[in-house]
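Here is the structure we will look at.
Note that the structure is a prediction, hence the values are computed from the model and not measured.
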Number of protein chains: 2
Amino acid sequence: MENSLILIVEDEPKLAQLLREYLEQANFRTHVIGSGLDVVPWVESNIPALILLDIMLPGKDGMAICREIRTFSQVPIIMVTARVEEIDRLLGLELGADDYICKPFSPREAVARVKAVLRRVRLQESGGLEQDVFHIDSEKYQASYHGRQLGLTVVEFRLLRKLLSRRGKVFSRDQLLDQLYDDHRIVNQRTIDTHVKNLRKKLEEIAPGENAIRAVYGVGYKIDI
Amino acid sequence: MENSLILIVEDEPKLAQLLREYLEQANFRTHVIGSGLDVVPWVESNIPALILLDIMLPGKDGMAICREIRTFSQVPIIMVTARVEEIDRLLGLELGADDYICKPFSPREAVARVKAVLRRVRLQESGGLEQDVFHIDSEKYQASYHGRQLGLTVVEFRLLRKLLSRRGKVFSRDQLLDQLYDDHRIVNQRTIDTHVKNLRKKLEEIAPGENAIRAVYGVGYKIDI
DNA sequence: TGACAATATGAACATATTATGAAGTTTTTC
DNA sequence: GAAAAACTTCATAATATGTTCATATTGTCA
């Protein structure tokens with residue numbers, strides 16, 4: 001099943017070695033890079049299944065690398081940060097990473113995260129979740145819920161798509177608004193509430209009481225099923 | 001297991017001798033230094049497993065020494081102070097010490113603290129052989145405890161995350177309040193007590209009697225498991 | 001030990017956030 | 001260009017959360 005290639009970008013040799021050992025014990029192949037400058041060229045010519053990317057690096061920092069990789073590849077990336085507080089900032093930047101781990105972490109946890117992300121990605125790749133209640137067709141701008149077609153407006157569709165892009169993740173209203181428009185118009189944050197209300201109404205008609213969209217007080221909305 | 005070298009920096013000979021005896025009885029090796037001026041050179045050429053550092057010293061004070069050591073080493077440091085009130089000040093200075101003991105202390109307590117700090121540091125270095133009871137996901141704003149999901153509010157979540165960011169470290173109420181808000185609102189310090197109370201209640205439901213969050217009299221709170 | 005200070009806790013109080021219906025705007029459709 | 005649909009804003013109700021307060025309990029230190 002495994003045997004996938006994991007790229008470890010980490011300048012601290014001891015930690016890199018530790019990760020390598022644990023990952024290989026879990027039957028992954030690994031490659032370690034210690035300098036930020038070498039990462040992008042390597043990723044371009046090799047194709048790792050996942051990248052563990054430390055954010056503090058000599059040469060070029062992890063954020064820049066993540067952004068650059070995202071211009072040409074959708075390879076799963078797990079960011080490693082030194083401070084918990086930093087994760088908040090990173091989330092705001094929308095780098096496109098798939099998960100975040102905070103130092104110090106146990107190698108066991110790291111391996112678990114790697115597996116979780118891979119599982120998620122593979123599920124998506126294998127043609128959308130089989131028994132998923134949601135199905136999204138970005139080309140046709142159509143979405144279905146429990147097998148039944150939802151008649152969504154464009155804004156509602158984009159809102160739902162954004163929320164579904166990361167199940168469980170809490171999106172701030174600002175993050176959601178960004179996704180809704182191509183131009184950068186300024187609209188009232190409360191507008192989101194109204195779209196959520198309308199979207200909920202349509203979901204409710206199909207599956208009453210499921211409460212797919214939940215508000216997280218003081219933060220934003222998430223999809224929680 | 002032990003046999004680690006503990007550096008005791010203490011100018012009062014009687015106390016130094018007492019500590020030495022107790023620590024050696026617990027199978028540590030010790031070295032005593034009575035003057036502040038001799039500490040840094042000694043630490044540079046020897047490598048203690050931990051330093052017990054009195055803050056009031058002839059020659060050079062403990063704070064300056066701690067700061068200086070931190071420029072070249074991450075060796076665990078336990079600061080020894082004469083008064084509880086002082087710990088508060090020390091915390092604000094962010095010296096990078098790992099724990100604080102207040103005089104007068106029982107040698108037994110000192111040994112316990114030394115062991116606790118060493119255990120913690122080793123756990124971190126070795127990548128944690130123990131399965132962590134806490135797991136937090138900043139993206140989903142979800143935290144689990146002993147594998148079970150905690151339904152935390154945002155403030156509670158941030159509070160827990162901050163406490164967890166450095167296990168064992170004591171955080172003052174001010175430090176904790178800073179983490180709780182993006183804006184710089186002014187709230188009563190006692191507010192933290194209430195949030196801690198609520199958080200404890202939720203932890204208690206999962207693991208009664210574990211007392212994960214401890215109050216440190218006159219200073220603040222820490223997580224100590 | 002006794003005086004004092006800090007923490008714990010339940011309840012009252014205050015605030016902030018979300019939900020919702022409706023009205024006002026803009027955009028699309030015919 | 002009128003009507004319909006979609007979008008945004010607004011006002012207010014409902015609710016969740018945060019804060020303070022008063023008192024009991026516990027810890028510290030002389």
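For the pair B:R200 CZ and C:dG10 C1', the computed distance is 15 Å after rounding to whole Å. Between the CG atom of A:N188 and the C1' atom of C:dT18 there is a distance of 13 Å, given to the nearest Å. Spacing between atom OH of A:Y141 and atom P of D:dA6 amounts to 15 Å, rounded to whole angstrom units. Whole-Å rounding puts the B:L199 CG to D:dG18 P distance at 12 Å. The nearest whole Å value for the distance from the OH atom in A:Y221 to the P atom in C:dT18 is 6 Å. In this structure, A:K201 places its NZ atom 11 Å from P of C:dA22, rounding to the nearest Å. Note: CG (A:L159) to P (D:dC7) measures 11 Å, nearest angstrom. Atom pair B:I186:CD1 and C:dT15:C1' shows a separation of 16 Å (rounding to whole Å applied).
Using a 4.0 Å cut-off between a side-chain N of Lys or Arg and a carboxylate O of Asp or Glu, B:R173 and B:D193 qualify as a salt bridge. Ion pairing of B:K140 with A:D224 is absent here, as no side-chain N (NZ or NE/NH1/NH2) approaches a carboxylate O to less than 4.0 Å.
Nearest to the side chain of A:T153, among D:dT8, D:dC7, C:dT20, sits D:dC7. Listed candidates were C:dT17, C:dT9, D:dT20. Nearest to the side chain of A:Y217 is C:dT17. The side chain of B:V155 lies closest to D:dG18 when the candidates are C:dT7, D:dT9, D:dG18. Here D:dT19 is the nucleotide among D:dT17, C:dA8, D:dT19 with the atom lying nearest to any side-chain atom of B:H195.
Within a 6.0 Å sphere centred on CZ of A:R200, other residues, nucleotides and ligands contribute more than 12 heavy atoms.
Contact annotation for A:R214: no contact, since no heavy-atom pair falls under 4.0 Å across all strands. Contacts of A:R190 with the nucleic acid, taken as non-hydrogen atoms under 4.0 Å apart, include base atoms. Among the atoms of the strands shown, base atoms are found under 4.0 Å from some heavy atom of B:T191.
Side-chain atoms of B:T194 and base atoms of D:dT20 include a donor and an acceptor less than 3.5 Å apart.
DNA chain C is contacted by both B:R173 and A:G218; B:R173 maps to the nucleotide lying nearer its 5′ end (nearest heavy atom per residue). Residue-to-nucleotide proximity on DNA chain C shows that, of A:A215 and B:K197, the 5′-proximal contact is made by B:K197.
With rounding to the nearest 0.5 Å, the separation of CG in A:L53 from CD1 in A:I101 is 11.5 Å.
Judged by distance alone, with hydrogens and angles left aside, the side-chain atoms of B:E10 form a donor-acceptor pair with the main-chain N or O of B:E12 at under 3.5 Å.
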